[in-house]
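Taking it in order: structure first as structure tokens, then the write-up.
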Amino acid sequence: MKIALVLSGGAARGGFHLGVIEALLEKGFQIEAVSGSSIGALIGTSLSAGIAPKEQLKIFKSKAFKKSLKFNGLKKGLLRVEEKTKILKKLIPIENLEDGNFKVHITTIDLSSGEIVRFHKGKAIPLCVASTSVIPLFKPISYESYQLVDGGIMDNLPLTPLKQYNLPIVAIDLHPKEYGFKDSMWGILKRAVFLMWRASVQGQIKECDYYITNQKLENYSLFSFKKLDEMFELGYQTALKHPLLQNKSME
């Protein structure tokens, strides 16, 4: 079965994406196109470049990947990603998005215009880094005439580019609906950010053909890569129990 895949942002929770994709591939699903924001853009591009989910998981867990994040100071974001490191080239071994095995659409935001900017052509690594540049943690990425940051701020489940393919759209969301919040400054800020992200995906959830998430994801930090194996397994098992894969097993 041929499908189009939309991958939400969610930073370190991306391990869940990899587990779901592993299950889809094992069951014989053929991915024809991917649209992603933030970590979803990075994983989708790597997959298009031929890097299997388990190999991506290994890269994300490596010390080399962690070392690709550099302290940037307070002027333009606390962190920056060293785009020329060997580990990023291992994760994305293609020069341009159009060099991949299937179509990839990356969602970013141009800070200058305040508009969503989507790419399906162009330099793969810089565009992936741009889409994962969560402000204020990361500095904006200069690309052509744009100042690009994380696309998840305005469109965290970027389904729109996939409508052109007339394929079943499978959405994987790293932000299940959460209830309540801790009555502290950090708790209130975290809740506000979540509601902002959630507002951007309500319509998309209704438009996708299949929606995959798990409430347990809320127990995992967005910014810690220590439990990637757990999230991979959670994604894998969640996918196997989903009606999409259950029906596939019955064929």
(message) I need the K58 NZ to L18 CG distance, nearest 0.5 Å.
(response) 14.5 Å
(request) Could you list the residues that satisfy side chain to side chain donor-acceptor pair (under 3.5 Å) with E230, not counting sequence neighbours? (result) Y220
(message) With rounding to the nearest 0.5 angstrom, report the CD1 to OG1 distance, I172 to T213.
(response) 9.5 Å
(message) Could you check whether any side-chain N or O of S131 sits under 3.5 Å from a backbone N or O of T107, counting only pairs where one atom can act as donor and the other as acceptor?
(response) yes
(request) In sequence, state the C-alpha distance, the side-chain angles, and the governing distance for F102 and V104, and then conclude on side chain to side chain contact (heavy atoms under 4.5 Å, CB included). (result) CA-CA 6 Å; F102 52 75; V104 175; 4.0 Å; yes
(request) Identify the two heavy atoms, one from I141 and one from A130, that lie closest to each other, and give their separation to 0.1 Å. (result) CG1-CA, 3.7 Å
(request) Only counting residues at least two apart or in another chain, list the ones meeting ring-ring contact (aromatic ring centres under 6.0 Å, His included) with F60. (result) F65
(message) A side-chain contact here means heavy atoms from C-beta on lying under 4.5 Å apart; do I3 and I31 qualify?
(response) yes
(message) With heavy-atom distances below 4.5 Å as the criterion, would you say the side chains of I43 and I21 are in contact?
(response) yes
(request) Say whether, by atom type as modelled, one donor and one acceptor occur between the side chain of H175 and the main chain of L217 under 3.5 angstrom. (result) no
(message) Test side chain to side chain contact (heavy atoms under 4.5 Å, CB included) on F232 and L228; report intermediate values, then the result.
(response) CA-CA 6 Å; F232 181 96; L228 283 172; over 6 Å; no
(message) Within the 4.5 Å heavy-atom criterion, are D209 and V170 side-chain neighbours or not?
(response) no
(message) I'd like to know if the side chain of N96 reaches the main chain of E98, judged simply by a donor and an acceptor atom lying under 3.5 Å from each other, with no hydrogens or angles considered.
(response) no
(message) Rounded to the nearest 0.5 Å, what separates atom CD1 in I94 from atom CG in D99?
(response) 6.0 Å
(message) I'd like to know if the side chain of N156 and the backbone of G9 have a donor-acceptor N/O pair within less than 3.5 Å.
(response) yes
(request) Could you tell me which non-hydrogen atom of Y210 sits nearest to which non-hydrogen atom of P168, and how far apart they are? (result) CE1-CB, 4.2 Å
(message) Donor-acceptor check, side chain of H17 to backbone of S8, threshold 3.5 angstrom: yes or no?
(response) yes
(request) Nearest 0.5 Å please: distance from the CG atom of N214 over to the CE atom of M231. (result) 12.5 Å
(message) Which label fits F119 and Y146: parallel for a plane angle under 30°, tilted from 30 to 60°, or perpendicular past 60°?
(response) perpendicular
(message) Can you give me the closest heavy-atom contact between G10 and L222, atom names plus distance?
(response) O-CD2, 3.4 Å
(request) Could you pull out the closest heavy-atom pair between A124 and I92, with the gap in Å? (result) CB-CG2, 3.8 Å
(message) Any non-hydrogen side-chain atom of Y143 less than 4.5 Å from a side-chain atom of K123?
(response) yes
(request) Answer yes or no: is there a side-chain heavy-atom contact under 4.5 Å between L5 and F29? (result) no
(request) Starting at CG of L88, measure out to SG of C128 and round the result to the nearest 0.5 Å. (result) 9.0 Å
Output a table of donor-acceptor pairs, distance under 3.5 Å, between side-chain atoms of residues 32-42 and any protein atom two or more places apart or on a different chain; print 'none' if there are none.
{"from": "E32", "atom 1": "OE2", "to": "Q30", "atom 2": "NE2", "distance (Å)": "2.6"}
{"from": "S35", "atom 1": "OG", "to": "P158", "atom 2": "O", "distance (Å)": "2.6"}
{"from": "S37", "atom 1": "OG", "to": "D155", "atom 2": "O", "distance (Å)": "2.7"}

(request) Quick one: do T160 and R118 satisfy side chain to side chain contact (heavy atoms under 4.5 Å, CB included)? Show the steps, please. (result) CA-CA 10 Å; T160 300; R118 306 187 198 276; 4.2 Å; yes
(message) Restricting to non-hydrogen atoms, name the atom on Q246 and the atom on L240 that form the minimum distance, rounded to 0.1 Å.
(response) NE2-O, 2.6 Å
(message) I'd like to check H105 versus Q164 (side-chain heavy atoms, cut-off strictly below 4.5 Å). Are they in contact?
(response) yes
(message) Donor-acceptor pair, distance only, cut-off 3.5 Å: does the side chain of S48 make one with the backbone of N101?
(response) yes
(request) Dump the intermediate steps for side chain to side chain contact (heavy atoms under 4.5 Å, CB included) on L167 and L162, then the final yes or no. (result) CA-CA 8 Å; L167 291 168; L162 300 178; over 6 Å; no
(message) Just so I know, are the side chains of M1 and K27 near enough to count as touching, which here means a heavy-atom distance under 4.5 Å?
(response) no
(request) Could you tell me whether the side chain of Q147 reaches within less than 4.5 Å of the side chain of D110, counting heavy atoms only? (result) yes
(request) Provide the closest heavy-atom pair for I87 versus S62 in the form atom of the first, atom of the second, distance. (result) CD1-OG, 3.8 Å
(request) First locate atom CD of E233, then atom NZ of K227, and finally report the distance between them rounded to the nearest 0.5 Å. (result) 15.0 Å
